[in-house]
Amino acid sequence: MTTTRFAPSPTGYIHVGNLRTALMNYLIARKAGGTFILRIDDTDPERSKEEYVDAIKQDLEWLGLHWDKVERQSERLDRYAEAADKLRDMGRFYEAFETPTELDLKRKKQLNMGKPPVYDRAALNLSEAEKEALRAERGNGVWRFKLDHQRIEWTDGILGDISIDAASVSDPVLIRGDGQVLYTIASVVDDTEMGVTDVVRGSDHVTNTATQIQIIEALGGTCPRFAHHSLLTGPQGEALSKRLGTLALRDLREQGVQPMALLSLMARLGSSDPVELRADMAELIDGFDVTRFGAAPTKFDVQDLFPLTAKHLQSLPLADVADAVADAGVPADLAAPFWAMARENITTLNDLKGWWELCRDGAEPLIADEDRDFIAQAMGLLPEGPFDGDTWGAWTGAVKEATGRKGKGLFMPLRKALTGMERGPEMAALLPLLQVIRARG
Ligand code: GLU
């Protein structure tokens with residue numbers, strides 16, 4: 001059975017980059033009728049925070065990316081210790097004692113000699129006595145996985161055939177000196193034991209994947225299918241990593257971005273299929289194909305989310321936005337005509353309040369000197385209430401007859417006098433909502 005996972009580290013809020021990973025894994029699982037696991041990668045007790053675990057769940061729920069199971073790495077440490085023992089018994093695990101400064105120096109030397117900065121395995125030559133002495137002096141060493149120096153190959157769901165020379169990669173550290181288990185092994189143990197069949201993640205993980213394939217094989221597991229999506233850049237192709245902090249999902253929510261707009265964009269951005277606004281999750285699932293994505297960096301412009309949000313909102317019946325309409329202050333008896341008027345004129349639901357304030361308080365009239373008499377005359381012709389969708393037509397008909405004005409010369413001064421703006425909602429829809437005018441009815 002298809003099983004995927006989204007595996008964030010709870011060290012911050014999730015952003016658009018994380019969402020891409022989450023969504024792809026979610027859609028693969030749902031399309032196949034499989035299982036989607038939310039895995040919290042919290043082996044780092046200092047940086048992992050419960051507050052972020054809660055925030056990640058809230059953000060995924062807001063988007064409707066429901067998970068079937070939650071797993072927490074911090075609750076599985078004994079499983080990782082067992083796997084580590086196994087690697088140790090197999091002779092694929094060794095303790096190394098270099099300090100970060102020493103490693104840095106080695107790397108610099110290698111680079112100066114035009115060699116790739118790969119860990120030289122000096123620790124493999126240490127005798128037991130030397131290790132004992134180093135332990136006494138520096139504390140426990142780190143544990144490195146001894147890679148098999150062969151080519152590591154896989155067919156990537158996005159990148160195609162990949163081949164990496166293991167000799168060009170440093171033996172990965174899987175356990176730190178203080179005993180903390182690192183992601184590289186924890187993830188392998190989880191993917192194997194949880195039956196994960198498909199792993200989609202960012203292309204920054206390609207080297208990890210190479211080493212993880214060898215660890216999985218050493219532990220006797222089955223490799224999932226891997227796919228590595230490109231990383232997002234800003235609209236000009238600039239690195240987004242520094243700005244991702246400002247592209248947290250909760251910030252986008254605050255700015256009024258609608259989940260369907262965000263999901264529709266992310267399910268297609270960087271693929272060879274066009275971005276289309278989808279009505280619901282079923283359509284997203286149906287239209288998703290991970291093999292359509294390309295390896296090139298993907299340009300993301302936050303501004304693209306707003307026209308999609310506006311379009312999505314236009315399609316919604318009142319029932320779907322009733323809370324937001326009420327929150328904007330609109331009385332229940334006006335909610336339906338208000339929404340019918342407003343939905344054509346908003347970008348996000350955050351704009352509702354402004355339109356309601358215009359209806360409730362009126363606007364500073366915009367009246368040109370030459371229109372003063374005309375407006376006074378028109379106001380005198382305003383019919384008795386109650387107002388409805390036909391009132392505007394009847395009124396402007398009467399004004400036209402009385403003044404001889406027509407077209408723009410008739411409508412524009414009335415619009416500006418009533419709304420203070422040259423552009424805006426259909427006046428026929430707006431007029432019955434203007435409270436001062438209603439009061440005359
Ligand atoms: N916690 C890892 C990350 O956020 C997970 C990577 C993976 O999907 O394996 O980068």
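Read the numbers this way: they start at 1 and go in the same order the structure lists the ligands and their atoms. Below, each value reflects all heavy atoms present in this structure, side chains not excepted, and no hydrogens, waters or symmetry copies. Computed from a predicted structure; not experimentally measured.
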Set of residues satisfying side-chain contact (heavy atoms from CB on, under 4.5 Å) with respect to Thr233, sequence neighbours excluded: Pro297, Lys299
May I ask you to check whether Phe93 and Phe145 place their ring centres under 6.0 Å from each other? no
Rounding to 0.5 Å, atoms CE (Met281) and CG (Leu263) come to a distance of 5.0 Å
Would a distance-only check, ignoring hydrogens and angles, find a side-chain to backbone donor-acceptor pair under 3.5 Å from Asp42 to Ser74? yes
Output all residues satisfying side chain to side chain donor-acceptor pair (under 3.5 Å) with Ser315, sequence neighbours left out; order by chain, then residue number. none
Residues at least two apart in sequence or cross-chain that pass side chain to side chain donor-acceptor pair (under 3.5 Å) with Asp286, listed by chain then number, are none
If you count only heavy atoms, which residues are under 4.0 Å from ligand 1? Arg5, Ala7, Ser9, Asp41, Tyr183, Ser187, Arg201, His205
